[in-house]
Amino acid sequence: MTWSTWASTAASLDWHHADPFDRLIAAQALIEGATVITSDAAMHDYEPLSTLW
């Protein structure tokens, strides 16, 4: 995937998290099917994002 795909996905996400870099991480993980390892509770609100911790 490309940054433009991740960026457009991040822009379409609900505003559970105001940090733009965390939104990009969530978007990339959603697209790639990856699990995000984080203690940030706001990241757990992005469904169907897989989180661990």
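Throughout, numbering of the chain's residues begins at 1 and tracks the sequence.
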Asks: What I'd like to find out is whether the side chain of Trp53 reaches to under 4.5 Å of the side chain of Ile37, using heavy atoms alone.
Replies: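 Answer yes - side chains close enough.
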
Asks: Could you state the interatomic distance from CZ (Arg23) to CE (Met43), rounded to the nearest 0.5 Å?
Replies: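 Answer rounded to 0.5 Å: 10.5 Å.
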
Asks: Kindly give the heavy-atom pair with the smallest separation between Leu49 and Ala29, and that separation in Å.
Replies: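 Heavy atoms only, the tightest pair is CD1-CB, 3.5 Å.
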
Asks: Should Val36 and Ile25 count as side-chain neighbours, where that means a heavy-atom distance under 4.5 Å?
Replies: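 Contact flag for Val36/Ile25 side chains = yes.
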
Asks: Could you report the tightest heavy-atom contact between Asp40 and Thr38, atom names first, then the distance?
Replies: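 Taking every non-hydrogen atom into account, N-OG1, 2.9 Å.
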
